[in-house]
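Right, one structure below, let's go through it.
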Amino acid sequence: MNRIQIAVPNLGNEEIAAIQGPIGTGWLTQGPYVKEFERNFSKIHQTEYALATTSCTTALHLMLAASGIGPGDEVIVPSFTWISTANAVLYCGATPIFVDIDLETYNISLGETIKKITSKTKAVIVVDLFGLCVDIEEFRRQLGPDLLLFEDAACAAGASLNGHMAGSISDAAAFSFHPRKSITTGEGGMLTTNNPNLNLVAEKMRNHGAEVSEEERHKGAAPYLLPEFNLLGFNYRMTDLQGAIGVEQLKKLEEFIRERDEQASYYQNQLSDVDWLSLPQKPVNGVHAWQAFVTRVIHSDGAKFRNEVMEILEKDGIATRPGTHAIHLLGFYADTYGFRPQDFPNSLLANETTMAIPLHNQLTRDDQDRVINALKKVAG
Ligand SMILES: *Cc1c(COP(=O)(O)O)cnc(C)c1O
């Protein structure tokens, strides 16, 4: 029997054809395809601006750096997320302040966020984990207008809540095109914002701090001119090969999400009577991007039982993964800040008992039935 993977990227002839463009012209670095990808991405996500980057991690760094976040500043992040949400804060010399999550959504708790705000707090980064949007309107209402409200939307391309697309109403958002996400460019990311100043600074910082882009300089009539560099920047530019792939992937995003949503509904219907398994829920008024279908094992043996289930499925040729990790348990953060596991109890529990089951755009109904049957056979 074939092995059922946890996630599989979905690339086809359209992407193969698209990369002939930049290969043919020889313009491989950030250029016209990246620009088209950015334009289409911002249109879909209802944002004024979009800047393609090498990854979501670099988009997060760029977002904070371009906002002037630095030493002495505190930035609130959830304690259950991919490590780079917090790492990006440290890249700027600022201090990440961790906040526990709500177990129903796996997203940062608004109540706990409010408790952690101090005079040093400059920004809050909420994470639309696994493709479920945070209620940005509610956060804004409760946090007030002075704090920067950023969105790690790595998993949330195409997602929405209450009529607002992911990234559209936060101060800025960072998306990922890693192969584990719903659309991919191999590696890649996107920084979106409606703030013209943030966009302008981020655009320069993405390109070493140069005042003029490579492409403009290449086309320019004054070959002796080198650009001005008035900022500390980085090289976070996406290649045009990736841009060409991104343009094609983006055309398929809506269809990918529709398929994923059908798969999620099927799991929800078929697994509802497995009493030791808690299933993720769809937002009442929104679109879940289903980057992953993350269940939680409810059992007195906790992590031990979860791990046994994962081993049983693995023997059946079915891949599973923990949802993500609790950052305060990771060696670097535990050692640096002296965290104890119980400091963030929901994140600890999510770390020990979440289990993502296969969901991707090459998954068949038969594959899903195999996963469902394997789970139903496990006695709680
Ligand atoms: C995947 C992911 C990232 C990192 O994205 P990269 O593009 O691999 O840098 C950051 N945050 C979250 C929540 C993620 O899921």
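Every heavy atom of this structure was used, including side-chain atoms; hydrogens, water molecules and symmetry mates were not. Remember, it's 1-based here, ligands and their atoms both numbered in the order they're listed.
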Tell me which protein heavy atom sits closest to [atom], plus the residue, atom name and distance to 0.1 Å.
| atom | answer |
| --- | --- |
| atom 9 (O) of ligand 1 | Thr57 OG1, 2.5 Å |
| atom 12 (C) of ligand 1 | Ala154 CB, 3.4 Å |
| atom 11 (N) of ligand 1 | Asp152 OD2, 2.8 Å |
| atom 7 (O) of ligand 1 | Ser176 OG, 2.7 Å |

- Query: Side chains of Ile76 and Thr121: closer than 4.5 Å at any heavy-atom pair?
  - Reply: yes
- Task: Taking the side chain as every heavy atom from C-beta outward, state whether Ser160 and Met165 have any pair of such atoms under 4.5 Å apart.
- Result: yes
For [X] and [Y], take the angle between the two ring planes, folded into 0 to 90°, and tell me which bin it lands in: parallel under 30, tilted 30 to 60, perpendicular over 60.
| X | Y | value |
| --- | --- | --- |
| Phe98 | Tyr337 | perpendicular |
| His61 | Phe234 | tilted |
| Phe177 | Phe37 | tilted |

Show which atoms of ligand 1 fall inside a sub-4.0 Å distance from at least one heavy-atom site of [X].
| X | answer |
| --- | --- |
| Thr81 | 13 (C) |
| Lys181 | 1 (C), 2 (C), 14 (C), 15 (O) |
| Val127 | 13 (C) |
| Ser55 | 7 (O), 9 (O) |

- Query: Any N/O of Trp82 closer than 3.5 Å to an N/O of ligand 1?
  - Reply: no
- Message: So for ligand 1, is Cys155 a polar contact partner (N or O within less than 3.5 Å, distance only)?
- Response: no
- Return yes when Ser84 approaches ligand 1 closer than 4.0 angstrom through a heavy atom, no otherwise. yes
- Message: Taking a cutoff of less than 4.0 Å between a non-hydrogen atom of the residue and any ligand atom, is Gly188 in contact with ligand 1?
- Response: yes
- Task: Supply the atom-to-atom distance Arg3 CZ to Glu314 CD, rounded to the nearest 0.5 angstrom.
- Result: 4.5 Å
- In this structure, which one of Ile169, Leu161, Asn162 forms a side-chain contact (heavy atoms from CB on, under 4.5 Å) with Ile136? Ile169
- Task: Assess whether side-chain hydrogen bond (donor to acceptor under 3.5 Å, both in side chains) is satisfied between Thr57 and Ser84, documenting all intermediate values.
- Result: CA-CA 6 Å; Thr57 303; Ser84 57; 3.1 Å; yes
